Each structure stands twice: as C-alpha cells, then as structure tokens.
4 protein chains.
Amino acid sequence: MPTRTGPEGMHQGRTGRPRSPEADAAILAATRQALVELGWSKLTMGDVAARAGVAKTTLYRRWPSRNELVVDAVAVLFDELRLPDLGSLPADVESVVRQFGALLERPEAKTALMAVIAEATRDDALRRRIRTAIVDRQKHLVVAGRERAQERGEIPPPPDPAAAARDTDLIFDVVAGAVVHRTLVSAEPVDGDWARRLTQLVLTGLTAQRAPAGAAATARPTAPAPAQGPQEPRAADAGS
Amino acid sequence: MPTRTGPEGMHQGRTGRPRSPEADAAILAATRQALVELGWSKLTMGDVAARAGVAKTTLYRRWPSRNELVVDAVAVLFDELRLPDLGSLPADVESVVRQFGALLERPEAKTALMAVIAEATRDDALRRRIRTAIVDRQKHLVVAGRERAQERGEIPPPPDPAAAARDTDLIFDVVAGAVVHRTLVSAEPVDGDWARRLTQLVLTGLTAQRAPAGAAATARPTAPAPAQGPQEPRAADAGS
Amino acid sequence: MPTRTGPEGMHQGRTGRPRSPEADAAILAATRQALVELGWSKLTMGDVAARAGVAKTTLYRRWPSRNELVVDAVAVLFDELRLPDLGSLPADVESVVRQFGALLERPEAKTALMAVIAEATRDDALRRRIRTAIVDRQKHLVVAGRERAQERGEIPPPPDPAAAARDTDLIFDVVAGAVVHRTLVSAEPVDGDWARRLTQLVLTGLTAQRAPAGAAATARPTAPAPAQGPQEPRAADAGS
Amino acid sequence: MPTRTGPEGMHQGRTGRPRSPEADAAILAATRQALVELGWSKLTMGDVAARAGVAKTTLYRRWPSRNELVVDAVAVLFDELRLPDLGSLPADVESVVRQFGALLERPEAKTALMAVIAEATRDDALRRRIRTAIVDRQKHLVVAGRERAQERGEIPPPPDPAAAARDTDLIFDVVAGAVVHRTLVSAEPVDGDWARRLTQLVLTGLTAQRAPAGAAATARPTAPAPAQGPQEPRAADAGS
DNA sequence: GCGTAAGCGAGACGGTACGTCAGGTCTTTTG
DNA sequence: CAAAAGACCTGACGTACCGTCTCGCTTACGC
C-alpha cells in the first residue's frame, strides 16, 4: 500500500490539543452509512457530523469539502481487493473481476464512485485524490497479475517497457470499465458466467494480439493498407 | 431513432393554452451551455431558466427535477453517433469507438453522463429515463454492426438468439465501459492507436471465444488459438 | 339603499355575450366562504375561482383585485343592519349596537373588515370603495336615528347644521369604534349588559355636553351636571 | 413597562455563539422603515433582511413569521404614550387621546396595527402577542388615570372592584376604539377640538352614569321599566 | 338565420416571494 | 488550545400565487 491517504495529509504542529483519532474513524464510518441511506446528492456535512457525534467544524478542519471526504471514506473499500494465487492467470483475473463486481454492488461504493468521478471532471485536485486513493490501488492489481503470470510462464516477458505500460493501461480500462458499465449502466449483476466470459475475451484478445507473428490474423499497422478507403473521413465524420 | 424523448412524456389534454415548443428547445440548449460553463454541481435551475429566458416554473412544469432535465439535454448528443459503412467490421467498430471517445471529450457530455448515472443508482425512474434516452441509442449501434457484419460474412450467424443477446451485452459493456473509463477515470484521450488496439482486442477475443475448439471452458491462453484469422487482412493504420 | 355596488361599475358595450349573472353571486358567496375557512391572508383568487366553479379570468374581468372583491363580498352583510322603532332613542341605539356586535362576531365580517381597512391606508381607491360600500351604510343609521328622535321630541333640533354634522361624526366614531374595538381587540362579546352601558354612556354624555349651561368648556366632572335628566326614565334591563 | 417582549421569549442555552443583539435592533428598525415605505402587503421578509444587513434565516430564527415580527416592531411605538399630570382628569385624558391620535397618524403604526389585528382574528397566539405587546400598554394608562383621579378626589372610589374593572374596559374600548375609527375609517385627523369633545363625552357620560342616585337621570336597571316594549325581539332581530 | 363580438373554462406563461435547507465561517463556552 | 455548540451570511431549493396571455369553445345580439 503506498501513501496512506489520511484526512488532510499535513496539519501537525506539535502544540495544542491533539486531534482525536477516533473522530476520524467515526466520521468516515458515518459518511459511508449516510451514503448508503441517502445517496450522494442527499448526503450533507451536517448530517455526517451528527451521525459521528462530532461538530461540523471538526469535519472542515480535516477535509476541505464533501468530495474529498467521500473519496477517503470510500477508498478503504478498495483496499479489500486482493489478487489471489489460484494457479493460473485466467482464474486469478476472474477472481478479481468478481471481487470488483461484488464491491460495486454495494450501494456506498456504487453511488460514491460515479458521483465523485463526475465531480472530478471539473476539479483537478479531486482527480488527483481519486487517482492516488482509488485508481492506483486497482492498477496495482493488474501489474501484480502480469508479473505473477510471467513468473509462471503463462505470458512472455514484454518486448519493451513502453509496450508493457500500454498493455497495462488497456487491460485496466477494459476490465474496470466493463465491470463498472455492467454494474452501473446496464444494471446487471457480475455473476460467474459473465465474469468468465469477460476474462476469456480479454485474455484471448490480448494473447492473440501479441502473438500474430506472420499469421494473417489481425492488424498489421506497419504495412499500410492497400485500399482501405479514406481514413481521414472517418475522423471527420466522428463529429457529424 | 425510435421513441422520441420529449420533456414529460404525457401531459396533454386539448384544452388550455398549449405549451410553447420554443421554450423546450431554449431550455435544453441553455442546460447544455450551463453544463459546459459551470459543471454539474454548480448548475442551478434558476440559472438555466435565466439563460433560456424562461421562468423557473416553466422548467418545473416540464421536468420533475434537474436530473431528468440534464438527461434529456444530453441525450441529443448521442444521436450524433453513426455506424458508418467502411467495408469491414474492424473499421466500422473503430470508427464508433473514436466517435464515442470524441463525444466524451466534450465537457457537457462527460460531466453530465457520470453525474446522472450516479444519481440513477438511487432512482429507478431516472435509470429508466437514461436507458431509453441514452443507452438504447448506443446499443442500437452494436446490434446494427453485428447484422451488417453477418451480411458481409465476416462473422457467422449466431447459433441461437440467447447467445447472440449475451454477446451483444458483453460487447456493449466492454466497449462502452472501456471508452468511458479511459476518458473519465484514466483521463487519457481516445486516439487512433488506442481505438485500434481496443477494437482488435475485442474482435479477436470474441472470435476466438466462439471457436474454442475442444479447449477448456476457461481459455488456455498459453496455447494460442489456432486459426483466428478469418477477419481478413485488414491493414488500416489510419490517422493520427 | 343607495348606489348599488356592482362588480365593476362600468363595463357595458351592448354587443357580445353578456356576463353571467349567476357567476357574480357564486363568486361573492365563494369569497365569503373562503374568508371564513382560510382567513384574509390565505385567501387566494385561484381558490375563490375554484370554489365558484369559474375561471380565474372571470374574476379578473370583474374585479381589479382581491381587495375590491372582498369589499363587495362583505358589503352585503352590512345591508342587514336595521334601525328598528322601539319607541325610544336608547332602545333603538342599543339595538343597533347589538346588531353590529353580532355582525362582527361572524368570521367573514371580522376578518375582512380589518384587513381591508388596513389595505386602505395605502390605497385611496380602495378607501373610497369601502366608504360607499360599507361605511355609508352604517352612518345612515346614525342620521336616521337622530331624525326619528327629533320627531319624537327626545332631542332638540340642532342649533345649526354644522354642529349636527360634527355630532353625527363623533357619535359614529364612538359607537362603531367601541364595538369594533371590543370585538376585535379586546375580543369580548357585545352582550346585553355591555351594549346598554355603551348606549347610556354615549347618550348621557352627549346630552350633557350639549346642555353645559355656563360650565367650563372642558367638563368639570366633580360637579355633577345639574340637570341632565331629560332622557326620560328608561329602565330597560332587558337583556340576556 | 413590565414583561419585555423580546423576539422569541425562550431560546437560550449557554453554549454556542450567542445571538447578536444589534441584529434585533436593526431588524426591528428595518421593519418599521419598510412598513412606512411599502405598506403591510408589500413588506417582505427578504426586503427587511436586506435593509437590516442580515440574512433571511436570522429573521426566521427569531420570529416565526411576518406577523409576530411586525407586532414587535410596532410595539415600541406604544411605549411612547405617557400619562402626563396636567392637574385635572379631563386634561390628562385629552392629552392621551391626542397622543394616541398622533401615533395613529404615523403610517407604520396605522398600517401595521389594523393588518395585524386582522390576522389575529384567525390566530390565537398572535392575538396573545398583540395583547401583551400593545394592548396592555394602553390599558395601563386607563388604570393609572383612574388612580390618579381618585387621589385628586375627582372621582369617587369604586363601589366594588368588579364594577371598576367593567368601567375600565368600557372606557378603554370607547376611547381607543373612537380614536382608531376616526383615524383609520373616517380618515379624519384627531385635532384639539375633536379630542376635547370626545373627552367630555366620555367623562360626563361616565360620571352621570354613576351618579344618578335618586335623580331622574339615567337607567335604573333595578326598577323594571313600565312599558318599554318588547325586549326580547330586540335580541332576536339583531340577527335578522 | 347568421355573423360577430364578447364571455367563458382551461391552463401555460414570466414573475415574485415564500419558508427551508445546506454550505462554510465565525464566535462563544467547556474540557 | 481543540472541540462542541450554535449563530451567522450566502445562495439555491421547490412551491404557491400573482396577473396576463393564448387557446378552442359557447352564447346572445343585431343586422
């Protein structure tokens, strides 16, 4: 676990009454509870303070606003995600997919995650906080999974580090995105069958993509297409 | 374009002064503009009304709340998505991926979409509205793409309708989810390279999955799929 | 009864559909009913229209505003006041006092009267309407009472018209004011005893005032007025 | 001046930031000013708050509604009424009459008083507030005037306390009612002449009423009238 | 008998104010 | 000095009425 999040990062100063550490825990728990019961838009600072048995001032002394408070409150949920060692890459991946799906079924996670991402489209500081508190935790799983699979010999070592990074990013977007989309937009559960099919799609897609060598298989980005028609129009009509 | 959305669905009754149709257009335009300038959390009904040159009550007479208003305002953006006929399935898919990515770069779309999805986790009526106004429009593209590819002979007809529906759902969650995640969470652009790699991953993954020979249910990625070539030599390395 | 009030005074134009006369009655009745149930400040035009089974426009076509509508609605109540002939001035006066008191016990009268008077402090047109529709009806009783008493010989003819007018005004203010104040401010009922004592106070006070011999202008109450008897022996102790 | 009114009576609790006392004064002053400029029906809470340089919430924290605020704002005006010692009862009474008349010429007093009384016909709490804040202040003058006149020997001590109370009430209703009626309904000024005539009427009327002894003077409620005609019908026709 | 001008119910319209609520800040007393 | 309590200002909320304005009728008069 990198950089522990903590309420405010820096505040210390060694004099005066020290901040109560129970208060922190109580506030975060109260925030999660309020999130479950009320949802994002109905959650209020005053309500959280009351549930935590704490004054509103104490909240503001530790978190600059509702958004960062919620990020921190929700972040701990993502600590629960574990990369198990089930012996094969597909099994490991499928496990993570199901864990992630289960996490997003929980109301406090599902509500908070999207709301906070929505806010972050306008607020860079918030985006950074989300990245360190949540996204990096998930990405770490992808990296760890790759390494373990390489050790097992399931996948070859990456030809160069840049390609590896690109692959990691793609896998991460595909897996996390698909789970989020299924859970929140399609509103369907991430059950065993779906998790297995997603895992399969991603792993075969990725392996085939990397393997093709001389096969007729897929794209050959180096060799320009003979007559693929106008490419630019494609970009152009994307806006029409 | 099926089922036109309309502000309130049902309200008519032939007596009394009819609702001004210009007001509708002005309000939706004002909503999009406010969304760009202020973002979701700063957008207020009063502000939208003022921009539209309309009374606040007129807004509330037509939309029960900010959420549904924003859904309707943003929904038209998704009408722009087109499935072009570029001659091959990968090219068509890649085009849609890029269109969708470009759409989500637009601030009014990105902000609104996530916020509204977040709210929908607590509000079934809102979820339904999102589904009919936005999601179904996108899903339609997947269905149409499948059909066209079948006509071209790029993919075989589905063995049974249930399997086809499951595949459609999976593809939809994977593609839409990945684009959304990359744009909003990873905050990276959907450029030509990424779009191509995503397309390739999904299409090869899917094809391989359907032809798994006698292989074990869970793919064995070590043994590369024997002949997954049939997508024809496609060599587009189009644009930037 | 002089000048019938009528909704709008002038509206004529002999062509077109004539205004429904039932509507007038229904509206005024609805206004009184709403006044009883809701009080002045909660009474709304829309509510009156609904009770009367009439469109809001119909109200506005006939009365310029709530104030004048209420004045007209309440004015008819004051038509009920009668000057009976009970044979003596005190008995007649006492009767009127009690009638007026009874009228002001009725919620629609009490609420409306004061509210409308309050509004009239800022609105001369409204003040005129009140005067013609309500006040003059009451003042007429005072004038009639004087004349009858003179015919009976109970009081001497006025030395000059100006003095008579001054007396009329004073009596009117004292009697009406006292009844209103007792009913609305003191919130005590106008019962038989109180009515008799008020009547007596006014009549003796007035008679003595007119006959002050050579006494100082400002009465010297220590020296009881020498002969203020001429009101005749009236011994009614009627009453509840 | 007993029982200070205060905004809300009870609220304290010794912890937390105390309510600003300047705010109270500023709000009441702003209310009176707004009343003068706008009149009762145009006075709004928001406007008062703005004039007082205070938030709307601060008003609502202290007064439950416009009505009670206005009562308190206007009440202080009635503190100005003084019972001077001019040496004789008539002179003292006349002075109070003129003071009261002058008070009711002031727009903030005249508008507010009637409006608030009108509202009170539906609201017992408001009626109580008016009584303690305004009416009792005036009544005190009547009581004090009686006592002083007795000390001077101008009027005899009351035969029994009940009679004294009844007299006080009657005088109060007559004097206050007459002044109010002349000012607000008749819309005539309370000038020296009118004040003198009212004073005289009340004092002589009252003295004579009490004095009559064996004189033929006024009512002899003990001795039933010889032929006073039907009393009951009087009560009956009061309702017709 | 027929056109036409006004009345009529309905209900949308641009407004204003409502009374409440939440956000953050600030000022007390208590620990 | 921090914490709790709670007053404070700000500003948006969603609602209720206002008085006006179309609508599509209906109704009586006067040609």
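Residue numbering restarts at 1 for every chain, and letters A, B, ... go by the order of the sequence lines. Note that the structure is predicted; figures quoted are calculated from it, not measured.
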Here the distance between atom P of dC18(F) and atom CG of Leu69(C), to the nearest Å, is 11 Å
Counting distance only, does the side-chain N/O of Thr58(B) pair as donor-acceptor with the main-chain N or O of Val54(B) below 3.5 Å?
-> no
In whole angstrom, give the distance that lies between atom CG of Leu59(A) and atom P of dT25(E).
-> 13 Å
Check salt bridge (Lys or Arg N to Asp or Glu O under 4.0 Å) between Arg51(A) and all other residues, then give those that pass, not counting sequence neighbours.
-> Glu37(A), Asp47(A)
Rounded to whole angstroms, how far apart are CG on Leu38(B) and P on dG11(F)?
-> 14 Å
Arg61(B) side-chain N/O to dG14(E) phosphate OP1/OP2 under 4.0 Å = no
Tyr60(B) OH to dA12(F) P, in whole Å, measures 12 Å
Rounded to the nearest Å, what distance is computed from the CD1 atom of residue Ile27(C) to the C1' atom of nucleotide dC8(E)?
-> 11 Å
What's the CG-C1' distance between Asn67(C) and dC17(F), to the nearest Å?
-> 15 Å
Under 3.5 Å, side chain of Arg32(A) to main-chain N/O of Ala73(A), donor-acceptor pair present?
-> yes
Report, as a single string ordered 5' to 3', how protein heavy atoms within less than 4.0 Å touch nucleotides 22-31 of chain F: B base, S sugar-phosphate only, - not at all.
-> B---BBS-S-
N or O in side chain of Thr58(D) less than 4.0 angstrom from dC9(F) OP1/OP2 = yes
Backbone of Val36(C) reached by a side-chain donor or acceptor of Arg122(D) within 3.5 Å | yes
What integer distance in Å separates Arg62(C):CZ from dA6(E):P?
-> 16 Å
Considering just the side-chain nitrogens and oxygens of Arg19(C), establish if one lies under 4.0 Å of OP1 or OP2 belonging to dA5(E).
-> no
Verdict with reasoning, Val116(A) to Arg129(A), per side-chain contact (heavy atoms from CB on, under 4.5 Å) | CA-CA 10 Å; Val116(A) 139; Arg129(A) 192 164 200 134; over 6 Å; no
Considering non-hydrogen atoms only, spot the tightest contact between Ala34(D) and Val48(D) and give its length.
-> CB-CG2, 4.3 Å
Measuring from Arg61(D):CZ to Arg19(D):CZ, what's the distance to the nearest 0.5 Å?
-> 7.0 Å
What is the distance from atom CG of Leu43(C) to atom CD of Gln33(C), rounded to the nearest 0.5 Å?
-> 11.0 Å
Which pair of heavy atoms, one from Ala118(B) and one from Ala115(A), lies closest together, and at what distance?
-> CB-N, 3.3 Å
Heavy atom of residues 42-56 of chain C under 4.0 Å from DNA chain E: which residues?
-> Gly53(C), Val54(C), Ala55(C)
